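The next block holds one structure in the form of structure tokens; read it before the comments.
Quantities reported herein were computed from a predicted structural model and do not represent experimental measurements. First the proteins, then the strands, lettered A, B, ... as listed; each starts at 1. Every heavy atom of this structure was used, including side-chain atoms; hydrogens, water molecules and symmetry mates were not.
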Amino acid sequence: MMNKTFEPKEFENKLYQKWTKGGYFTPEIDKEKTPFTIVIPPPNITGQLHMGHALNNTLQDIVIRFKRMDGFATLWLPGTDHASIATELKIVEQLQAEGLSKAKVGRESFLERAFLWKEKYGGRIVEQLKRLGSSCDWTKEAFTMDEKCSKAVREVFVSLYEKGLIYRGYRMTNWCTSCGTAISDAEIEYDEKPSFLWHIKYPYTDGSGYMVVATTRPETILGDTAVAVNPDDQRYISVVGKTMLLPIINKEIPVIADHYVELGFGTGAVKITPAHDPNDFEVGERHNLEIVTVIDENGIMNENAAKYKGMTVLECRKAVVDDLKELGLIEKIEPHTHNVGECYRCKTAIEPRPCEQWFVKIESLAKPAIDVVRKGETKFIPQRFEKTYFNWMENIKDWCISRQLWWGHRIPCWYCDKCGEMIVSRTDPDYCPKCQNDKLRQDEDVLDTWFSSALWPFSTLGYPDKTKELEYFYPTSLLVTAYDIIFFWVARMIFSGIEHMGKTPFPEVLIHGIVRDEKGRKMSKSLGNGVDPLILIDKYGADSLRFSLTTGVAPGGDIRFSEDKMESSRNFMNKLWNASRYVIMNLEGKDVPPLDRDNLTNADKWILTKLQITIEEVRKNLEKYEFGLSLAKLYDFIWNDYCDWFIELTKPMLYSQDHSVKLRALSVLKFVLINILKLMHPFVPFITEEIWQNLNISPTIMLESYPKYDKTLVDLDAFDSFEAIKEIIVKIRNIRAEMNVPPTRKCRLFVKTANVDAIKNARVYIEKLVQVLEINFVSDKEQAGNKVCQAVTASAEIYIPLGELVDFEKEKARINKEIEKVTAEIKRSQSMLNNAGFVAKAPKKLVDSEREKLEKHTALLDKLNLQLKDFD
RNA sequence: GGGAGCAUAGCUCAGCUGGGAGAGCGCUUGCCUUACAAGCAAGAUGUCAUAGGUUCAAGCCCUAUUGUUCCCACCA
């Protein structure tokens with residue numbers, strides 16, 4: 001017995017277990033079948049399921065379930081990411097709570113803790129993905145630091161190194177003082193912050209006055225090694241080459257000329273701090289300037305900062321400004337907003353800092369990655385995201401891949417301190433190949449997390465080993481991800497796939513938006529406006545959540561979350577549930593035959609035709625990843641056509657004494673229901689499976705085949721003819737509502753029509769759906785008596801005697817309204833047909849149909865006018 | 001500075017290759033009609049941001065403008 005309402009809690013977990021136990025998520029390598037593969041964007045082991053995951057995984061699951069039902073050998077490969085920085089921060093926190101530190105416990109014990117942490121918490125997000133209904137092949141679950149993926153990372157690192165595409169160098173890097181590591185350009189977020197522009201006087205050493213220099217970072221004065229002006233700046237031509245006295249620390253620095261300085265901005269003079277600004281670093285290189293570091297890796301002023309040593313950057317800024325004021329060297333202080341670079345993990349301001357790091361040389365990797373997208377070998381959907389991709393790829397700089405962390409893939413490079421040899425190797429070396437020294441020192445650093453995620457589409461399938469999985473499932477078929485991760489991940493997977501596998505990793509990338517709160521703001525921890533999908537699943541069910549996230553959504557667009565939408569999704573689930581329950585209740589105990597195509601009523605043909613049209617639309621849109629459009633068609637078909645019309649239409653049949661009538665109606669109800677469930681399954685897997693179980697057809701709906709358009713079930717004439725009946729029913733309902741006829745009151749119906757048979761055939765529906773006592777066919781209105789309400793459809797004139805209920809004023813108003821509508825239609829058609837250009841140039845089909853409409857509406861208008869005349 | 005998106009009913013948003021403006025929620029009216037009140041029936045509601053242009057025909061294509069959101073770069 002099915003519950004009266006949709007209670008998802010009662011079956012979701014049970015069904016998920018059934019699916020996994022059945023092994024339904026694991027594809028077989030079958031040469032007869034076409035593979036279809038998606039690799040999951042691996043969530044961080046530190047992560048908890050948020051709305052972004054919910055959306056991302058719902059979309060993947062829809063495609064995967066659709067393809068699986070459609071006959072592909074379908075693999076959705078899941079896994080998690082070790083999330084180097086994020087996890088390391090967690091472990092550091094854990095240590096702090098215990099009064100420990102990284103230094104105290106040491107590397108080995110730190111890693112032990114991290115792996116333990118992964119064991120304990122890394123599985124949370126996986127369990128949460130399951131609650132969504134994700135049909136991932138868990139037997140292939142991967143982890144970016146498992147043996148398989150680590151082997152791939154090692155292979156790729158060494159091979160890139162051997163090709164000269166990985167190098168070590170002393171470069172300006174983005175340094176996070178809080179995480180204590182270098183990060184890549186992509187990992188910086190810019191935030192506009194109000195600050196000041198300090199105008200500082202730098203006196204010339206020859207006593208000939210001073211020059212005013214503007215800066216946003218006065219504390220870096222201590223590391224200045226020059227002041228630069230534009231060589232074309234007339235104001236400063238004479239001072240280039242002079243020296244000036246650096247305020248406070250009274251060091252002599254030169255005035256240099258460099259085109260880096262923009263004419264017309266600020267004072268035209270820029271202080272140069274090669275150690276703490278990337279642009280200044282470059283200027284410094286060009287002019288051979290000394291690099292004076294004044295800020296250390298913890299963001300603290302160092303010994304070069306003289307008396308400011310030990311202060312934080314901000315403390316020092318204040319102190320320096322105060323001192324300069326005292327010296328009378330501040331000319332003015334202007335408010336100034338500027339973008340501050342922050343670490344995307346911990347939001348700490350980035351300190352640019354020159355140091356020794358590992359880099360991937362990007363140019364030769366980027367070029368073919370741009371080409372595959374240009375040639376359409378990898379397509380972005382929607383296509384506009386290709387612009388974003390090109391823009392980034394074409395301006396990409398070398399990728400800093402080393403991180404001064406412990407949790408991650410340790411760089412496979414060893415140093416021989418005896419002879420200075422550097423060994424990069426696929427296997428751990430025991431001794432130096434050059435000097436035989438056996439005391440080698442491995443590089444302390446680990447790799448950027450994204451280095452391993454970049455290999456995900458093939459590392460998870462066994463690369464570098466030539467496994468049968470890799471051969472069968474690579475390249476993958478589709479990647480589904482949000483637009484905010486195109487740079488971090490998608491771009492790097494594309495160039496990695498091409499470089500190491502010789503093929504782009506996926507022909508299509510489906511980009512979706514992000515989920516925002518009710519007010520359209522990004523959901524974030526700091527705002528506390530995040531909505532927990534697990535709570536929503538508890539409250540409304542996973543299917544309602546999935547439905548909410550995919551309906552009414554255009555590809556690539558952001559989604560504004562609202563609980564109202566959750567409710568209406570849940571209501572739709574309840575509708576589907578109850579319609580199914582009704583049909584199943586009626587099926588019980590009866591041996592319902594399969595659909596008999598030779599024994600169908602017009603109403604049957606109508607719903608079957610509409611079903612086929614729906615199947616075609618749903619499929620078409622699924623192929624284009626237009627899930628919102630697919631669902632709109634399904635929603636409309638299920639609620640409006642199947643429930644509101646067809647189920648109601650079949651009620652008199654189900655109550656019929658004639659058993660064969662009953663069985664025929666049931667066979668159609670069942671046939672359509674089965675198709676509805678299959679069509680809906682990829683979107684809302686739990687409810688469809690639960691209903692399926694109640695139908696007792698096969699062990700699972702998951703492995704049924706997805707409905708295909710069947711033109712033998714399309715009968716457009718029957719469809720149109722039944723639409724005409726619906727029109728009559730709606731008109732009668734309208735009259736009854738306008739005249740406030742009590743719902744229980746049955747009335748007589750007089751019909752004037754050229755098509756008596758069609759209405760006779762539909763008599764049973766009309767009687768049931770609009771409380772009609774009997775239908776009389778007349779050739780003249782008079783035969784219906786007086787005190788009648790009347791209506792006109794394209795196929796019939798309708799008269800309903802309502803006696804005292806007829807309100808002639810209302811009736812008149814109602815008919816006038818109809819006349820208005822029809823007149824407007826006539827006008828529209830006429831103006832189009834009167835347009836010579838339209839008749840000459842528009843497709844003939846269109847012109848013809850416009851003529852037909854004009855004819856039809858003119859006839860209607862005549863009848864309406866006649867009806868109106870009666871009131872005079 | 002460069003680029004992209006969005007602007008459609010009170011709200012949230014669909015609208016496919018140009019060919020009669022749609023949905024959900026909300027609102028009005030009447031209904032517990034034995035699948036469903038998480039429901040049924042009947043309704044009301046739009047200068048499709050503005051101004052031009054292309055076309056027989058524009059919410060859709062082109063140009064400009066305004067407002068708005070985002071991404072990239074980053075000038076001290």
Side-chain angles (χ1 to χ4, degrees), chain A residues 2 4-6 190 197-198 213-217 220 228 260-262 264-273 277-280 336 338-339 341 382 384-385 387-388 390-392 395 483-484 486-487 513-514 516 518 520 522 540 551-554 556-562 564-565 567-586 617 620-621 624 626 628-629 632 635-636 643-644 647-648 651 655 730 733-738 740-744 768-771 824-825 828-829 832 835-843 845-847 849-850 853:
Chain A
M2 290 170 72
K4 191 177 167 182
T5 49
F6 161 64
Y190 288 92
L197 199 53
W198 286 272
V213 167
T215 181
T216 53
R217 299 200 60 187
T220 59
Y260 155 67
V261 180
E262 203 173 309
F265 183 90
T267 63
V270 184
K271 62 195 258 339
I272 300 298
T273 323
D277 181 279
N279 291 309
D280 292 6
H336 180 76
H338 67 146
N339 274 339
R384 67 175 129 89
F385 290 104
K387 279 201 175 177
T388 317
F390 289 138
N391 184 46
W392 194 72
N395 296 298
Y483 56 68
D484 57 357
I486 293 176
F487 307 137
I514 58 176
R516 298 173 176 277
E518 287 92 336
K522 211 165 169 171
Y540 300 99
T551 191
V553 174
D558 286 349
I559 297 168
R560 194 179 295 215
F561 172 81
S562 86
D564 283 355
K565 201 166 176 185
E567 250 178 65
S568 66
S569 303
R570 190 268 322 265
N571 294 352
F572 179 51
M573 294 303 108
N574 190 53
K575 189 75 185 175
L576 176 59
W577 179 263
N578 272 292
S580 308
R581 182 168 71 99
Y582 170 77
V583 174
I584 288 167
M585 266 170 14
N586 280 288
E617 292 280 350
K620 188 184 81 189
N621 287 307
K624 291 191 292 187
E626 288 270 9
L629 295 181
Y635 183 97
D636 187 55
C643 294
D644 289 349
I647 286 184
E648 293 307 318
K651 278 182 179 169
Y655 304 143
V730 169
R733 281 173 172 168
N734 182 298
I735 290 174
R736 292 182 59 119
E738 295 275 321
N740 293 317
V741 179
T744 47
K768 165 72 185 169
L769 264 52
V770 282
Q771 296 291 328
E825 285 303 309
R828 198 187 53 80
S829 293
M832 282 176 88
N835 182 337
F838 174 72
V839 179
K841 293 190 180 174
K845 226 169 89 184
L846 211 74
V847 178
S849 94
E850 215 47 57
K853 282 180 207 163

Pairwise C1' distance for B/A51 and B/A7, with rounding to whole Å: 16 Å

For a quick check of understanding: with a heavy-atom distance under 4.0 Å over all strands, which category does A/Phe487 fall into, base, sugar-phosphate or nothing? sugar-phosphate

Contacts of A/Lys624 meeting salt bridge (Lys or Arg N to Asp or Glu O under 4.0 Å) (sequence neighbours excluded), chain-then-number -> none

Counting the atoms with a prime plus P, OP1 and OP2 as sugar-phosphate, which does A/Val261 contact under 4.0 Å by heavy atoms, base, sugar-phosphate, or nothing? base

Restricting both atoms to N or O, compile the protein contacts to nucleotides 36-38 of chain B shorter than 3.5 Å, with distance only.
| residue | atom | partner | partner atom | Å |
| --- | --- | --- | --- | --- |
| B/C36 | O4' | A/Asn578 | OD1 | 3.1 |
| B/C36 | O4' | A/Asn578 | ND2 | 3.4 |
| B/C36 | O2' | A/Asn574 | ND2 | 3.0 |
| B/C36 | O2 | A/Lys575 | NZ | 2.9 |
| B/C36 | N3 | A/Lys575 | NZ | 2.7 |
| B/A38 | O4' | A/Asn571 | OD1 | 2.9 |
| B/A38 | O2' | A/Asn574 | ND2 | 2.7 |
| B/A38 | N3 | A/Arg570 | NE | 2.9 |

Out of B/A42, B/G15, B/A76, which has the shortest distance to the side chain of A/Glu626? B/G15

With a non-hydrogen cut-off below 4.0 angstrom, is A/Arg560 in contact with a base, only sugar-phosphate, or nothing? sugar-phosphate

OP1 or OP2 of B/A76 versus the side-chain N and O atoms of A/Lys271: is any pair under 4.0 Å? no

Please work out if A/Leu629 contacts a base, only the sugar-phosphate, or nothing of the nucleic acid, heavy-atom cut-off 4.0 Å. sugar-phosphate

Taking for each residue the nucleotide of RNA chain B bearing the nearest heavy atom, is the 5' side occupied by A/Met832 or by A/Thr216? A/Met832

Base, sugar-phosphate alone, or nothing: which one does A/Gly628 contact when heavy atoms must sit under 4.0 Å apart? nothing

Check every strand shown and say whether A/Asp564 touches a base, only sugar-phosphate, or nothing at a heavy-atom separation below 4.0 Å. sugar-phosphate

Atom pairs under 3.5 Å: protein N/O with N/O of nucleotides 53-60 of chain B:
| residue | atom | partner | partner atom | Å |
| --- | --- | --- | --- | --- |
| B/C56 | OP1 | A/Lys841 | NZ | 2.0 |
| B/C56 | O2' | A/Asn835 | OD1 | 3.4 |
| B/C56 | O2' | A/Asn835 | ND2 | 2.4 |

Heavy atoms only, 4.0 Å cut-off, all strands: where does A/Ser562 land among base, sugar-phosphate and nothing? nothing

How would you label the contact of A/Phe561 with the nucleic acid (heavy atoms, under 4.0 Å): base, sugar-phosphate, or nothing? nothing

Taking OP1 and OP2 of B/A76, is either one under 4.0 Å from a side-chain nitrogen or oxygen of A/Arg217? no

Could you check which of B/C71, B/A35, B/G43 has an atom nearest any side-chain atom of A/Asn734? B/G43

Salt bridge check, A/Lys620 against A/Glu626: does any charged N sit closer than 4.0 Å to a carboxylate O? no

Give me the distance, rounded to whole Å, that separates B/G10 from B/U50 when you measure between the P atoms they each carry. 14 Å

Would you say A/Arg384 places a side-chain N or O within less than 4.0 Å of OP1 or OP2 belonging to B/A4? no

Would you sort out whether A/Glu518 and A/Ser562 count as a side-chain hydrogen bond (donor to acceptor under 3.5 Å, both in side chains), showing the intermediate values? CA-CA 6 Å; A/Glu518 287 92 336; A/Ser562 86; over 6 Å; no

